[in-house]
Student: 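Handing you a structure now.
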Amino acid sequence: MIDLSVIIPIYNEEKNIPVLMQRLQQVINPMNLSVEYLFINDGSGDNSIALIKQLSLTHEAIKYIDFSRNFGHQIAVTAGLDKCRGNAAVIIDADLQDPPELIAELYAKMKTGYEVVYAKRLTRSGESFFKKITARIFYRLIARITTIDIPLDTGDFRIIHRKVIDVLKQMPEQQKYLRGQIPWIGFRTSYVEYNRDPRLEGETGYSLKKMLMIL
């Protein structure tokens, strides 16, 4: 088993992938961990998968799963968790709104005795007022209609221990909502705070419509 898996769902991110890999390696290489970078191509219509395949030829730590069509963010992340080999896994999107540099702090916090450490957003730079208010309403609505204590102002950017991954793999739901299922499991949890950056390139594939389809 390796130390760390980095799970990266991809949907039309060809312009961001090279910068993402550069920043990931800059933060993870000094940590002296055995690592795999697991890209899940969620039916991209651009050259994302071609670029990932090319990178995998020169970086043995880069692995990929290639979906035949777009199945959605949560299914892509779930596929990554099912296949990853790490003793811990970081989930991070490729748009660079969530800074790879925070991974070192997430990992260090986990090593103090937590099985889940999530990244909590203090600010959301580069997003429209409509995006911010709908996201705020969405997550607070989820909190109101469920009995699960889902952390507010968080996404999927987090690190989870292998024990959490193994439990998630045993859960039978085909349509997973990891932001709800992970706190429901009940492992020891903490967080680190950060300021979210604007998307580097492209447009989000995770629209309000797709968020509402989770409900």
Side-chain angles (χ1 to χ4, degrees), residues 1-111 115-119 155-169 176 178 182 197 199-202 205:
M1 185 175 290
I2 63 176
D3 294 320
L4 182 66
S5 297
V6 184
I7 296 172
I8 312 162
I10 296 291
Y11 182 67
N12 295 338
E13 298 287 3
E14 62 174 323
K15 294 181 179 180
N16 295 326
I17 291 170
V19 180
L20 172 68
M21 275 307 305
Q22 181 183 36
R23 289 175 61 180
L24 283 170
Q25 290 179 313
Q26 285 176 344
V27 68
I28 292 176
N29 287 353
M31 295 169 67
N32 295 316
L33 303 174
S34 56
V35 62
E36 67 174 357
Y37 301 96
L38 182 54
F39 289 88
I40 303 91
N41 179 49
D42 190 19
S44 296
D46 63 0
N47 291 320
S48 290
I49 187 59
L51 179 56
I52 293 166
K53 288 179 177 179
Q54 183 180 7
L55 289 171
S56 72
L57 295 177
T58 54
H59 298 77
E60 63 179 17
I62 294 178
K63 313 294 182 183
Y64 61 87
I65 299 170
D66 185 19
F67 286 174
S68 60
R69 65 174 179 85
N70 180 251
F71 286 94
H73 185 272
Q74 293 292 285
I75 292 178
V77 173
T78 299
L81 291 172
D82 286 344
K83 295 296 183 182
C84 75
R85 299 176 294 131
N87 192 50
V90 167
I91 303 166
I92 186 169
D93 289 340
D95 56 18
L96 292 170
Q97 288 186 274
D98 298 326
E101 293 75 16
L102 200 66
I103 290 174
E105 189 174 350
L106 291 170
Y107 187 82
K109 189 83 169 184
M110 184 191 71
K111 298 298 285 186
E115 284 83 34
V116 179
V117 183
Y118 58 87
D156 289 309
F157 186 30
R158 65 189 65 201
I159 189 169
I160 58 177
H161 193 275
R162 167 54 57 178
K163 290 185 286 187
V164 181
I165 298 170
D166 290 341
V167 173
L168 286 171
K169 290 170 67 173
K176 295 186 183 297
L178 296 171
I182 291 174
D197 294 327
R199 163 178 275 272
L200 182 64
E201 297 282 355

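Numbers here simply count residues along the sequence, with the first being 1. FYI, side chains are in, hydrogens and waters are out, and symmetry mates aren't considered; it's all heavy atoms of this structure.
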Student: Hey, is the main chain of G86 close enough, under 3.5 Å, to the side chain of R162 for a donor-acceptor pair?
Tutor: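 Checking the backbone N and O of G86 against the side chain of R162, a donor-acceptor pair under 3.5 Å is found.
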
Student: Which residues pass the ring pair (Phe, Tyr, Trp, His ring centres under 6.0 Å) test with Y64, sequence neighbours left out?
Tutor: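 Ring pair (Phe, Tyr, Trp, His ring centres under 6.0 Å) list for Y64, sorted by chain: empty.
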
Student: Does any N or O in the side chain of S48 come within less than 3.5 Å of the main-chain N or O of E13, such that one atom is a donor and the other an acceptor?
Tutor: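 Checking the backbone N and O of E13 against the side chain of S48, a donor-acceptor pair under 3.5 Å is found.
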
Student: Looking at residues at least two apart in the chain, or sitting in another chain, which of them share a salt bridge (charged side-chain N to carboxylate O under 4.0 Å, His left out) with K163?
Tutor: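 Checked K163 against salt bridge (charged side-chain N to carboxylate O under 4.0 Å, His left out); matches are E115.
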
Student: Between V164 and V116, which heavy-atom pair has the shortest distance, and what is it?
Tutor: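 Answer, listing the atom of V164 first, then V116: CG2-CG2, 3.9 Å.
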
Student: Side-chain contact, heavy-atom cut-off 4.5 Å: V77 with I40?
Tutor: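 V77 does not reach I40 side chain to side chain.
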
Student: When you compare the side chain of I92 with that of P100, does any pair of heavy atoms fall below 4.5 Å?
Tutor: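 In short, these two side chains touch, coming nearer than 4.5 Å.
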
Student: Which distance, rounded to the nearest 0.5 Å, do you find between the CD of Q54 and the CD1 of I17?
Tutor: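 Interatomic distance, Q54 CD to I17 CD1, rounded to 0.5 Å: 11.0 Å.
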
Student: Treating E101 as the side-chain partner and V27 as the backbone partner, does any N or O pair qualify as donor plus acceptor under 3.5 Å?
Tutor: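 Answer holds: no.
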
Student: Applying salt bridge (Lys or Arg N to Asp or Glu O under 4.0 Å), which residue pairs with at least one partner in residues 62-80 are found, sequence neighbours left out?
Tutor: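 Listed by first then second residue: nothing to list.
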
Student: Say you draw a straight line from CD1 of I8 to CG of N41; how long is it, rounded to the nearest 0.5 Å?
Tutor: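 Between atom CD1 of I8 and atom CG of N41 there are 12.0 Å.
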
Student: Just grab all the salt bridge (Lys or Arg N to Asp or Glu O under 4.0 Å) pairs involving residues 36-51, residues at least two apart or on different chains.
Tutor: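 Applying salt bridge (Lys or Arg N to Asp or Glu O under 4.0 Å) to every pair that reaches into residues 36-51, excluding sequence neighbours, yields E36-R85.
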
Student: Can you pull out every ring-ring contact (aromatic ring centres under 6.0 Å, His included) where at least one residue sits in residues 32-60? Sequence neighbours excluded, please.
Tutor: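 Matches after skipping sequence neighbours: none remain.
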
Student: So, D3 side chain and S34 main chain: donor-acceptor pair closer than 3.5 Å or not?
Tutor: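 Flag set: sc D3 to bb S34 pair under 3.5 Å.
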
Student: Please find the pair of heavy atoms, one from F67 and one from A79, that lie closest to each other, and give the distance.
Tutor: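 It is CZ-CB, 3.7 Å.
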
Student: Would you check if K169 and L81 make a side-chain contact, meaning some heavy-atom pair closer than 4.5 Å?
Tutor: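 The answer is no; the side chains never approach within 4.5 Å.
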
Student: Closest heavy-atom contact between A119 and L102?
Tutor: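 Here A119 and L102 meet closest at CB-CD2, 3.8 Å.
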
Student: Rounded to the nearest 0.5 Å, how far does OG of S5 lie from CD1 of I91?
Tutor: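 Between atom CD1 of I91 and atom OG of S5 there are 10.5 Å.
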
Student: State the CZ-CG distance between R23 and L96, to the nearest 0.5 angstrom.
Tutor: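 Reported to 0.5 Å precision, the distance equals 5.0 Å.
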
Student: To the nearest 0.5 Å, what is the distance between CD1 (I159) and OH (Y107)?
Tutor: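 Rounded to the nearest 0.5 Å, the CD1-OH separation comes out at 7.0 Å.
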
Student: Hey, are the side chains of I160 and I165 touching, using non-hydrogen atoms and a 4.5 Å cut-off?
Tutor: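 A side-chain contact under 4.5 Å exists here.
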
Student: To the nearest 0.5 angstrom, please state how far the CG atom of D93 sits from the CD1 atom of I7.
Tutor: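 Between atom CG of D93 and atom CD1 of I7 there are 12.0 Å.
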
Student: Please report the shortest heavy-atom distance between L51 and E14, naming the atom on each side.
Tutor: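 So the minimum-distance heavy-atom pair works out to CD2-O, 3.5 Å.
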
Student: What pairs meet the salt bridge (Lys or Arg N to Asp or Glu O under 4.0 Å) rule with one or both residues in residues 47-57, with sequence neighbours excluded?
Tutor: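 Sorted pair list comes back empty.
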
Student: Apply the test side chain to side chain contact (heavy atoms under 4.5 Å, CB included) to residues I49 and S44: give CA-CA distance (whole Å), side-chain angles for both, the deciding distance (0.1 Å), then the verdict.
Tutor: CA-CA 7 Å; I49 187 59; S44 296; over 6 Å; no

Student: Show the nearest heavy-atom pair for residues G80 and L38, with the distance to one decimal.
Tutor: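 The answer is O-CD2, 3.4 Å.
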
Student: With heavy-atom distances below 4.5 Å as the criterion, would you say the side chains of H73 and D156 are in contact?
Tutor: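 Yes, their side chains come closer than 4.5 Å.
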
